[in-house]
Amino acid sequence: MPELPEVETVRKTLEHLIVSKTIQSVQLFYPKMIQGDCMDFQNHVTNQTIQSIKRVGKYLFFHFQEGIVVSHLRMEGKYYVQPASDPIQKHVHVLFSFQDGQSLRYHDVRKFGTMEWIPLHGMKDYVKKHRIGLEPFDSDFTMGYLQAKLSRTTKMIKPVLLDQTIVAGLGNIYVDEVLFICGLHPETRVHQLHHSDIEHIISASQAVLGKAIELGGTTIRSYVSSLGVSGRFQNELLVHMRKGEPCYSCGTFIEKIKVGGRGTYVCPTCQTKRG
DNA sequence: AAGGGTGTTGAAAG
DNA sequence: GCTTTCAACACCCT
């Protein structure tokens with residue numbers, strides 16, 4: 001599920017469901033996903049009460065009295081809130097049992113997700129250590145910022161926009177959407193971009209992510225969730241997942257190509273390379 | 001029915 | 001440094 005709008009949807013949903021709950025116990029069924037010492041993680045989290053849930057890019061931060069749990073969903077991580085007495089489903093790797101009889105379960109088929117306990121005021125250091133860049137909504141995400149990041153590289157625009165150290169929050173779906181809106185071919189080299197292209201990328205990123213958050217994100221692989229995190233943005237997709245269908249703008253069939261190793265949807269007529 | 005693809009990230013290789 | 005490739009893992013599709 002996990003680009004910025006999906007993670008934000010999870011954050012908002014969990015905020016309503018579990019803030020102010022106290023963790024009675026933690027069970028780890030796949031210890032490898034915990035960064036650092038597992039026993040330390042369990043000891044730190046046990047008896048802590050959730051104060052708030054924040055998000056930076058695609059990372060979730062669960063704030064407790066004495067520290068923070070950072071969670072990344074990677075490809076397929078999901079959270080469920082349900083009675084602690086429910087049977088433990090396949091692919092549940094972490095189970096937090098609350099004092100009130102409910103539980104928070106982390107479910108991840110591919111086991112790529114991670115969790116880590118960090119100190120109470122460690123969010124800034126964490127962002128710095130992982131070199132997480134600015135989100136499109138950040139007031140510092142400006143023409144100057146992006147131009148500076150792009151000026152010293154000749155990479156293709158798609159891999160650049162996927163680079164979380166440059167733009168935090170865009171992933172494979174939304175980058176395809178942004179580049180379609182901007183009429184830019186994903187293989188365009190960034191040094192070929194005009195000033196107006198960069199401005200367009202900024203506004204399109206904000207528009208696409210904003211709309212996706214409004215609609216609760218995009219659900220491509222269908223799944224049922226007790227969190228209700230299945231979104232509705234998949235109905236708004238302009239190019240992504242539309243291989244062989246006519247472009248909404250010109251009618252040309254949408255193609256699927258590979259860019260930087262990632263499956264990429266593109267309208268060969270509307271999205272042109274510069275130079 | 002085996003092999004390629006999958007919404008991510010970071011480590012390794014060049 | 002920088003850019004590109006690949007591995008971590010399970011499942012689905014062709």
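- Figure legend: A:Lys111 and A:Tyr30 shown as a cation-pi pair, the cationic atom lying under 6.0 angstrom from the six-membered ring centre and within 45 degrees of its axis.
- Spacing between C:dT3 and B:dG7 at atom C1', rounded to whole Å, works out to 23 Å.
- Going from atom OH of A:Tyr265 over to atom P of B:dT6 covers 7 Å, rounded to whole Å.
- Among the heavy atoms of the strands, none lies under 4.0 Å from A:Gly261.
- Contact between the side-chain N/O atoms of A:Arg262 and the OP1/OP2 oxygens of B:dG5 is not found at any separation under 4.0 Å.
- The phosphate of C:dT3 has OP1 or OP2 within less than 4.0 Å of a side-chain N or O from A:Thr153.
- What separates CZ of A:Arg189 from P of C:dT3 is a distance of 10 Å, to the nearest Å.
- Between A:Gln164 and the phosphate of B:dT9, there is a side-chain N or O to OP1/OP2 separation shorter than 4.0 Å.
- For C:dC6 and B:dG4, the C1' atoms lie 15 Å apart once the distance is rounded to whole Å.
- Regarding contacts with the backbone of B:dT9, a side-chain N or O of A:Lys58 is found under 4.0 angstrom from either OP1 or OP2.
- Looking only at atom types and distance, the side chain of A:Arg105 has a donor-acceptor partner in the side chain of A:Ser103 under 3.5 Å away.
- As judged by a 4.0 angstrom heavy-atom cut-off over every strand, A:Lys258 is placed among residues touching the sugar-phosphate backbone only.
- We find that CZ of A:Arg131 is positioned 10 Å from C1' of C:dC2, with the value rounded to whole Å.
- Under a 4.0 Å N-O distance rule, the pair A:Glu255/A:Lys243 does not qualify as a salt bridge.
- One atom, CG of A:Leu170, and another, C1' of B:dT9, lie 15 Å apart when rounded to the nearest Å.
- Nucleic acid contact for A:Gly263: sugar-phosphate only, since backbone atoms but no base atoms lie under 4.0 Å from a heavy atom of the residue.
- Residue pairs meeting the salt bridge (charged side-chain N to carboxylate O under 4.0 Å, His left out) criterion with at least one member in residues 7-31 of chain A, sequence neighbours excluded: A:Glu8-A:Arg11, A:Glu8-A:Arg55, A:Arg11-A:Glu15, A:Lys21-A:Asp100.
- Within the 4.0 Å cut-off from OP1 or OP2 of B:dG10, at least one side-chain nitrogen or oxygen of A:His130 is found.
- One atom, CG of A:Asp108, and another, P of B:dT6, lie 18 Å apart when rounded to the nearest Å.
- Minimum atom distance to the side chain of A:Tyr59 is reached by B:dG10, of the listed C:dT3, B:dG10, B:dT8.
- Within the structure, every pair that satisfies the ring-ring contact (aromatic ring centres under 6.0 Å, His included) test and touches residues 136-190 of chain A, not counting sequence neighbours, is listed here: A:Phe141-A:Tyr145, A:Tyr174-A:Phe233.
- Residues A:Asp197 and A:Leu184 form a side-chain contact, since some pair of their non-hydrogen atoms from C-beta on lies under 4.5 Å apart.
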Protein N or O to nucleotides 6-9 of chain C N or O, pairs below 3.5 Å:
| residue | atom | partner | partner atom | Å |
| --- | --- | --- | --- | --- |
| C:dC9 | OP1 | A:Lys32 | NZ | 2.9 |
| C:dC9 | O4' | A:Arg110 | O | 3.3 |
| C:dC9 | O2 | A:Arg110 | NE | 2.9 |
| C:dC9 | N3 | A:Arg110 | NH2 | 3.3 |

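- Between A:Glu76 atom CD and B:dT9 atom C1' there is a gap of 15 Å when expressed in whole angstrom units.
- Between the side chains of A:Tyr79 and A:Ser71, at least one donor N or O lies within less than 3.5 Å of an accepting N or O.
- For B:dT6, the OP1/OP2 oxygens have a side-chain nitrogen or oxygen of A:Lys256 closer than 4.0 Å.
- Applying the 4.0 Å criterion to OP1 and OP2 of C:dA10, one finds that A:Lys90 has every side-chain N and O outside that range.
- Salt bridge present: A:Lys158 and A:Asp176 bring a charged side-chain N and a carboxylate O closer than 4.0 Å.
- Nucleotides B:dA1 and C:dA10 place their P atoms 22 Å apart, quoted to the nearest Å.
- Considering only side-chain atoms of A:Pro2, the nucleotide from B:dT8, B:dG10, B:dG5 that sits closest is B:dT8.
- Listed by chain and number, the residues in a ring pair (Phe, Tyr, Trp, His ring centres under 6.0 Å) with A:Phe96 amount to none (sequence neighbours excluded).
- Rounded to whole Å, the distance from NZ on A:Lys78 to C1' on B:dT6 is 12 Å.
- Annotation: ring pair (Phe, Tyr, Trp, His ring centres under 6.0 Å) contacts of A:Tyr248 (sequence neighbours excluded): none.
- A:Tyr80 and A:His107 have their aromatic ring centers within a separation under 6.0 angstrom.
- As rounded to whole Å, 8 Å separates atom C1' of C:dG1 from atom CZ of A:Arg152.
- A stem is defined here as three or more consecutive Watson-Crick or G-U pairs, each with both distances under 3.5 Å; for DNA chain C these stems are B:2-6 with C:10-14, B:8-14 with C:2-8.
- Taking atom P on both B:dA12 and C:dC9, the two are 15 Å apart, rounded to the nearest angstrom.
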